[in-house]
Amino acid sequence: MSEPKSLRPLGVGTFYEQVGGRETFAKLAAAFYRGIADDEVLKPMYPEADLAAAEERMLMFLEQYWGGPTTYSETRGHPRLRMRHAGFHIDPEARDRWLAHMRRAVDELELSPVHEATLWDYLERAAHAMVNTFEPQPGR
């Protein structure tokens with residue numbers, strides 16, 4: 001395993017810049033959606049057969065959130081994550097599956113411990129915030 005990467009020292013530039021910018025977040029989104037593509041619970045939440053559009057939306061959102069380009073808001077408006085996900089059945093199982101795929105994706109980045117912990121803390125909080133039901137998925 002290689003050394004954790006931190007392209008810029010803490011406190012210099014935005015988190016986005018510190019972890020490697022677009023390249024890092026594109027790698028995260030791509031790794032995440034590779035897992036989603038075969039997930040029997042999460043994949044049906046994506047209407048497109050090709051997950052490329054969802055991957056690009058996630059990339060733009062994460063870039064903006066962490067101090068990169070504001071392309072997400074310029075093209076899609078305010079993120080409104082809970083509202084955008086309200087129509088989906090997001091129960092604890094879906095949350096846990098989402099987090100498992102995201103954990104694998106974050107691990108692929110090989111970030112420094114402090115950058116990894118900062119990113120993971122946000123992702124965990126976001127996943128928990130998206131839960132909108134405690135009822136099991138119908139048919140499960």
Engineer: For residues Y122 and Y65, establish whether the separation of their ring centroids is below 6.0 Å.
Structural biologist: yes
Engineer: Quick one: does I90's side chain get under 4.5 Å of W98's, heavy atoms only?
Structural biologist: no
Engineer: With rounding to the nearest 0.5 Å, note down the distance linking CD in Q18 to OG1 in T118.
Structural biologist: 8.5 Å
Engineer: Is any side-chain heavy atom of L62 closer than 4.5 Å to a side-chain heavy atom of F32?
Structural biologist: no
Engineer: Which atoms form the tightest heavy-atom contact between V41 and D39, and what is the distance?
Structural biologist: N-OD1, 2.9 Å
Engineer: To the nearest 0.5 Å, tell me how far E108 CD sits from T24 OG1.
Structural biologist: 12.5 Å
Engineer: Report the distance from atom CZ of R104 to atom CG of L109, rounding to the nearest 0.5 Å.
Structural biologist: 14.0 Å
Engineer: Side chains of R125 and H128: do they bring a donor and an acceptor to under 3.5 Å?
Structural biologist: no
Engineer: Have Y72 and E63 got a donor and an acceptor in their side chains that come within less than 3.5 Å?
Structural biologist: no
Engineer: Looking at side-chain heavy atoms only, is the closest gap between W66 and V19 below 4.5 Å?
Structural biologist: no
Engineer: Restricting to non-hydrogen atoms, name the atom on A94 and the atom on M45 that form the minimum distance, rounded to 0.1 Å.
Structural biologist: CB-CE, 3.9 Å
Engineer: Do side-chain atoms of T70 reach the backbone of S73 as a donor and acceptor pair under 3.5 angstrom?
Structural biologist: no
Engineer: Got a second to check how far M58's CE is from L28's CG, nearest 0.5 Å?
Structural biologist: 7.0 Å
Engineer: Walk me through whether D96 and E93 qualify under side-chain contact (heavy atoms from CB on, under 4.5 Å).
Structural biologist: CA-CA 5 Å; D96 293 348; E93 179 187 9; 5.8 Å; no
Engineer: Please give me the minimum heavy-atom distance between P92 and F134, naming the atom from each residue.
Structural biologist: CG-CD2, 3.5 Å
Engineer: Got a second to check how far T71's OG1 is from E56's CD, nearest 0.5 Å?
Structural biologist: 8.5 Å
Engineer: Can you measure from CZ (F25) to CD (Q64) and round to the nearest 0.5 angstrom?
Structural biologist: 12.0 Å
Engineer: If the threshold is 4.0 Å, N to carboxylate O, is there a salt bridge linking K27 and E23?
Structural biologist: no
Engineer: Would you indicate whether the side-chain heavy atoms of E55 and I36 approach each other to under 4.5 Å?
Structural biologist: no
Engineer: Would one find more than 12 heavy atoms of other residues, nucleotides or ligands at under 6.0 Å from atom CD of E135?
Structural biologist: no
Engineer: Using a strict 4.0 Å threshold on nitrogen-to-oxygen distance, state whether D91 and R95 make a salt bridge.
Structural biologist: no
Engineer: Would you mind checking if E17 and R22 are paired as a salt bridge, meaning a charged N to carboxylate O distance below 4.0 Å?
Structural biologist: no
Engineer: Are W120 and L99 packed together at the side-chain level, in the sense that at least one heavy-atom pair is separated by less than 4.5 angstrom?
Structural biologist: yes
Engineer: List the steps, then state whether side-chain contact (heavy atoms from CB on, under 4.5 Å) holds for R97 with E40.
Structural biologist: CA-CA 10 Å; R97 285 171 171 265; E40 64 186 25; 3.9 Å; yes
